[in-house]
Amino acid sequence: MTTPPHLHRPGAGSATVTDTALAGPPVGGFLPEDIGAALDRRRARLRSDVSLAARVLPTHYPLPTFIAVNPLDGLRHLPFHAAAQRAGELYGARATLPESSYRRYHAQGRITDRDLAAVLTRRYPHLLDQPPLSLGGRAVELLSVLRADLLHGQPAPDPVRVYRSISEQAAPAVADRVDALSSRWCAAFLTSDTSAWPMPGRRDGFYPAWRDLAHRDRTLTRAARAALRALPARAEDAALTALHTLGVAEGVQRDYLTAHLTRQPGWAAHIRWRSEHPAPARIDLLDYLALRLTYETLLLVGHDRPRVPATTAAPNSAVRPAGLAARAATTCTALGIEGPSAPELAAVARALTALPATDRVEVWLEAFEHHYRTDLLTTLLPGPGAPLARTPASATEPATPSTSAAAAESAAESTMESTMAAARPPAQLVCCIDTRSEGLRRNLETLGDYETLGFAGFFAMPIRYTDLADGAPSDLCPVLIKPAFAVTETPATTPDARVDTAATARRHLNGLQSLTGADTGFHDAKDDPVSPFALAEATGWVAGPLSAAKTLTPRHSATVARRLRHRITPPVPTDISIDTAITLADRTLYARVALATMGLTRNFARLVVFCAHGSTTTNHPYQAALDCGACGGQRGGPTARTAAAIINDPAVRAELAAHGISIPTDSWFLAAEHDTATDRVTTLDDHLTPTSHHHDLDQLRRDLALAGQRLSAERCADLPAAPTRTLTAPGRAARHTGTRSADWAQTYPEWGLAGNAAFIIGPREHTRRLDLHRRVFLHSYRHQDDPDGAALETILTAPLVVAYWINAQYYFSTVAPGVFGAGTKTIHNVLGGIGVLSGHAGDLQLGLPWQSVATADTLVHEPMRLLTVIHAPTDRTDTIIDRNPILQELLHGQWLTFTTYNDATGTWHQRTPIGWQPWPTPTQPPAAHLHPLETRNPA
Amino acid sequence: MNRDDLTKMTKIEVVVTGADAPAVHDLFRTAGATGYTSLSGVSGLGHHGYHQGRLLFNQQATLELLITVVPDHKADTLLDGLRTLLQDTAGVMFLTDTYVSRPDYFT
């Protein structure tokens with residue numbers, strides 16, 4: 001092997017012949033006068049090309065703050081199906097289920113002929129006007145022809161990755177070696193902060209550290225190592241040199257960079273995330289690409305390769321879809337046409353041109369969605385004489401509501417107000433919009449006249465939170481925003497002289513310090529090269545029985561551990577520092593926003609609970625995926641405590657009253673946290689609750705406990721290997737979910753948000769008596785209280801966007817688990833705090849594990865795009881869409897769907913690029929899985 | 001106005017979405033700009049219609065105005081990078097001559 005001459009570079013920084021090559025095509029071997037400036041410009045263009053190439057990458061958050069994102073968000077500017085096709089070209093990934101899966105759903109009745117007909121009619125309205133075909137002596141409707149093709153046509157081939165590097169095209173073994181080397185160096189660098197043997201020189205950044213070490217790699221040839229020793233000091237120059245050697249012209253370099261970035265999208269996505277966040281050591285995509293391109297250049301020496309890389313050409317091995325003639329013949333057979341004539345085949349082929357084989361999955365997906373959506377909308381239909389939402393009389397009506405509609409609205413509002421004024425609920429529970437909250441709310445509502453509301457789980461309090469232990473602060477807010485306030489937890493200042501909070505806090509902190517020290521010492525000893533032997537000798541006698549106990553009796557072991565922990569670190573009542581952290585003006589502003597956006601501005605109960613959520617699991621790397629997405633993948637308790645503390649502040653209440661929100665003096669706000677793994681709800685800051693409310697709180701706690709047990713029983717029906725007797729015994733079910741939560745070998749502690757499919761924005765009255773099976777995000781909203789649409793705009797541009805991300809992540813983790821999911825948990829290797837590998841090497845895994853969406857080969861999550869139901873006047877929604885490009889992209893690109901109910905016509909309407917169009921009127925009763933809920937007795 | 005005591009430089013203003021702002025920051029940094037000013041949540045009417053300004057709980061979907069001032073000799077490098085970036089990004093760039101009183105702040 002010879003050393004590539006371009007990599008021999010006498011020194012960095014000075015203008016050389018190599019600089020000439022980098023700055024542009026050499027001209028007669030002469031140096032341009034402004035070679036330095038030209039090189040700087042070339043470097044800048046390369047940086048921009050890297051940024052543009054990286055836009056297609058998914059976003060990857062590290063494990064401690066793992067939150068759901070749409071892996072194709074970089075393609076959001078494209079319509080969904082175009083983005084799906086592009087994902088195939090970039091990753092070779094499917095963006096829908098395979099046709100065989102949809103056909104199975106059809107055979108099971110999950111997709112019906114009616115669904116297919118509805119979708120085909122909507123996509124091809126002209127088909128209804130076409131005369132039927134005459135086939136085999138009978139008339140066959142065109143819809144039947146397309147349906148036969150959908151059901152029996154040869155499946156379209158899987159997509160093939162088109163963006164491929166030279167090594168992928170000409171020497172796959174080299175491409176694999178480049179992947180292995182880049183994975184190894186990325187893992188070494190990115191885990192340096194947590195590993196026992198950090199990468200030398202990492203403080204200088206990734207590229208300099210790698211450059212100093214790479215030439216020591218004895219697995220490479222002597223020539224390659226010599227070339228690595230001579231690498232330039234700047235990553236840009238190394239990348240430009242490699243691109244020049246590979247023959248990649250500047251005009252196509254972006255595609256070439258895309259090919260490298262999408263080859264291992266997990267690493268690239270994580271590096272991009274890290275480059276945009278503060279980190280102790282710097283790495284960016286240019287560093288990463290410099291490494292990959294350099295290795296590719298070196299390892300390709302001696303291999304045949306194309307002179308000009310065809311970066312975006314489909315490989316010759318790609319399977320082509322069946323031709324029209326073959327499809328026509330198959331369709332005729334499916335239709336029972338024996339020996340069709342040539343004209344008959346030609347007629348069928350002409351009909352099939354309307355639906356290319358590669359587009360059939362689009363029809364299947366839409367039919368799959370149509371079935372669920374129609375059932376849901378039918379279920380949501382109001383009873384006779386009960387208007388669902390006060391929308392303008394006509395769906396196509398201009399912005400100003402008609403006089404009659406306004407009058408009807410006013411009358412309805414007045415009726416509602418009087419009803420509300422008459423009945424003050426014993427308590428109001430404000431839960432996160434998370435689909436899991438629907439089950440808790442529904443079960444609690446059956447136990448009394450409780451009112452429940454849905455709101456983003458950070459309760460409009462974007463805080464950076466530091467707990468009592470004073471460790472690293474956590475950003476508790478959606479990743480769409482930055483924290484606005486730094487809030488700290490401090491020992492409570494209690495007027496009770498019998499309680500020495502400061503002393504308890506000291507004991508708590510000392511205990512915590514001891515536990516942390518013991519934990520750190522244990523892990524240091526474990527990671528050290530020698531001490532593990534001594535550690536095993538010293539602790540093996542107790543570690544073995546402990547492990548056995550954790551395996552055999554997880555719940556009891558967890559209880560013992562918890563009690564022991566409480567003894568060492570006694571619980572201490574604490575406060576949240578709102579007075580010093582947030583000005584009165586801001587406290588008032590955020591309180592107003594929270595209450596107005598959730599539609600809670602009057603008729604306050606004696607107890608108003610902000611119920612956050614989190615999930616307690618053991619040995620579960622994807623813990624953060626089960627916590628609150630609105631709190632940046634963390635437990636939401638601190639945000640609920642902050643919100644409650646602010647609204648209980650008398651100064652804030654006085655300001656709120658001045659703004660028209662009068663909270664009675666006997667209304668007390670408190671925080672709680674719903675553990676979605678065990679369905680236990682824990683009230684927080686009990687020491688602050690006035691004694692006058694203790695009775696109310698005790699009753700609420702009892703009902704929350706019962707509601708949680710019933711919810712556990714519901715969930716046990718879906719959890720793998722849950723004993724059948726848990727279905728009818730809520731107490732037993734609660735114990736079972738507690739056991740799963742503590743079991744360190746449990747791969748299905750809970751289903752998270754699997755099944756999510758819709759987002760409803762409106763008053764709870766419209767969904768209160770329905771069992772929505774924990775599949776729907778519920779955001780409370782009263783359009784009557786939002787005349788300027790500000791609250792609706794906030795909901796549509798923030799909570800809805802987060803819900804769309806969650807929906808998309810579940811969707812793509814299901815349809816393309818190998819690329820956008822994380823594969824099976826059983827072979828996961830956790831890599832520092834950044835992510836997981838499948839096995840011991842390879843790419844960083846994106847998305848959710850297979851056990852979050854399926855059991856073995858059975859899907860639990862039904863991959864559908866998000867249906868959004870908005871109870872608001874259509875003109876208000878239109879105005880908001882018109883001024884927010886993100887909504888236009890999502891809506892017009894069919895990433896999600898907006899529907900609303902029209903009182904005047906008694907039908908649902910769907911927002912399309914040409915306005916609101918009627919949803920096909922359902923004529924059948926809803927499916928069994930969406931039956932109306934009967935109110936159950938508390939007993 | 002007497003500009004004898006001022007130093008001529010180049011001011012570059014870029015309006016991009018919040019999601020694209022990190023790429024612009026990166027270009028500023030690597031092109032040698034010593035600092036920049038950032039205004040988030042800017043609103044206005046443009047090629048793609050009206051853009052809503054500040055959204056309460058979404059800073060990524062809004063537009064961001066980024067302003068930097070660089071010596072003329074660094075401007076060309078930055079412009080090359082920005083023009084490449086804006087080829088496929090929904091954003092605009094404005095370039096103007098400007099004068100500063102403390103040139104050492106910008107070099």
Side-chain angles (χ1 to χ4, degrees), chain A residues 34 37-52 54-55 59 73-74 76-77 234 236 250 254 272 275-277 284-286 456 458 460 462 477-482 590 593 597 630 790-791 793-802 880 882-889, chain B residues 12 14-33 38 40-64 70-91 93:
Chain A
D34 58 347
L39 181 54
D40 280 345
R41 291 202 297 273
R42 185 80 175 81
R43 289 168 178 154
R45 290 198 297 273
L46 175 68
R47 280 206 169 266
S48 290
D49 272 338
V50 171
S51 295
L52 290 170
R55 292 178 76 181
T59 301
D73 205 49
R76 194 187 63 212
H77 59 286
R234 295 180 64 146
E236 295 103 314
E250 186 174 358
R254 195 185 308 164
R272 184 175 66 161
S275 69
E276 295 173 1
H277 292 78
D284 64 23
L285 285 174
L286 196 44
F458 74 119
C477 56
V479 294
L480 292 167
I481 55 174
K482 295 183 175 64
Y590 280 84
V593 166
T597 309
E793 183 163 41
T794 297
I795 295 168
L796 294 179
T797 56
L800 177 64
V801 171
V802 172
I880 294 168
D882 288 346
R883 63 188 183 203
N884 285 284
I886 184 174
L887 294 178
Q888 294 162 23
E889 285 180 351
Chain B
I12 298 173
V14 185
V15 180
V16 289
T17 65
D20 287 323
V24 179
H25 296 162
D26 188 43
L27 276 178
F28 284 178
R29 182 180 59 80
T30 53
S38 172
S40 60
V42 296
S43 63
L45 184 65
H47 190 66
H48 292 93
Y50 183 77
H51 283 263
Q52 176 67 315
R54 181 178 169 76
L55 292 171
L56 197 56
F57 294 126
N58 190 338
Q59 293 166 348
Q60 291 183 8
T62 56
L63 296 178
E64 200 161 318
V70 291
D72 291 350
H73 70 274
K74 289 182 181 174
D76 285 347
T77 300
L78 191 47
L79 287 177
D80 256 28
L82 287 171
R83 289 177 72 167
T84 304
L85 188 68
L86 293 175
Q87 276 173 10
D88 282 330
T89 299
M93 173 175 69

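In what follows, chains are A, B, ... by sequence order, proteins preceding strands, each numbered from 1.
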message: Looking at A:Asn884 and A:Ile886, would you say the former's side chain and the latter's main chain have a donor-acceptor pair under 3.5 Å?
response: no
- prompt: Cut-off 3.5 Å, side chains only: do B:Thr89 and A:Arg55 have a donor facing an acceptor?
  reply: yes
field: Contact origin within A:Asp284 toward chain B - heavy atom pairs under 4.5 Å
entry: side chain
query: Non-hydrogen atoms of chain B under 4.5 Å away: do they reach the side chain of A:Val593, the backbone, both or neither?
result: side chain
- request: Sort A:Val801 into side chain, backbone, both or neither according to what part of it lies under 4.5 angstrom from a heavy atom of chain B.
  value: side chain
query: Who wins among B:Ser43, B:Ala19, B:Ala31, B:Pro22 for the most heavy-atom pairs under 4.5 Å with chain A?
result: B:Pro22
message: Would you say CZ of B:Arg29 has more than 12 non-hydrogen atoms from neighbouring residues, nucleotides or ligands within 6.0 angstrom?
response: yes
query: Are A:Val802 and A:Val479 close enough that some pair of their side-chain heavy atoms sits under 4.5 Å apart?
result: no
message: Less than 4.5 Å to any heavy atom of chain B: does that hold for the side chain of A:Thr794, its backbone, both, or neither?
response: side chain
field: Between B:Leu79, B:Asp20, B:Leu82, the one whose heavy-atom pairs under 4.5 Å with chain A are most numerous
entry: B:Asp20
statement: Honestly, the part of A:Ala460 sitting under 4.5 Å from a heavy atom of chain B is both
message: Whether the side chain of A:Arg47 engages the backbone of B:Thr30 through a donor-acceptor N/O pair (distance < 3.5 Å, no angle test) should be reported.
response: no
query: What distance do A:Arg254 atom CZ and A:Ser48 atom OG have between them, rounded to the nearest 0.5 Å?
result: 9.0 Å
task: Measure A:Pro885 against the heavy atoms of chain B and call it side chain, backbone, both or neither at under 4.5 Å.
output: side chain
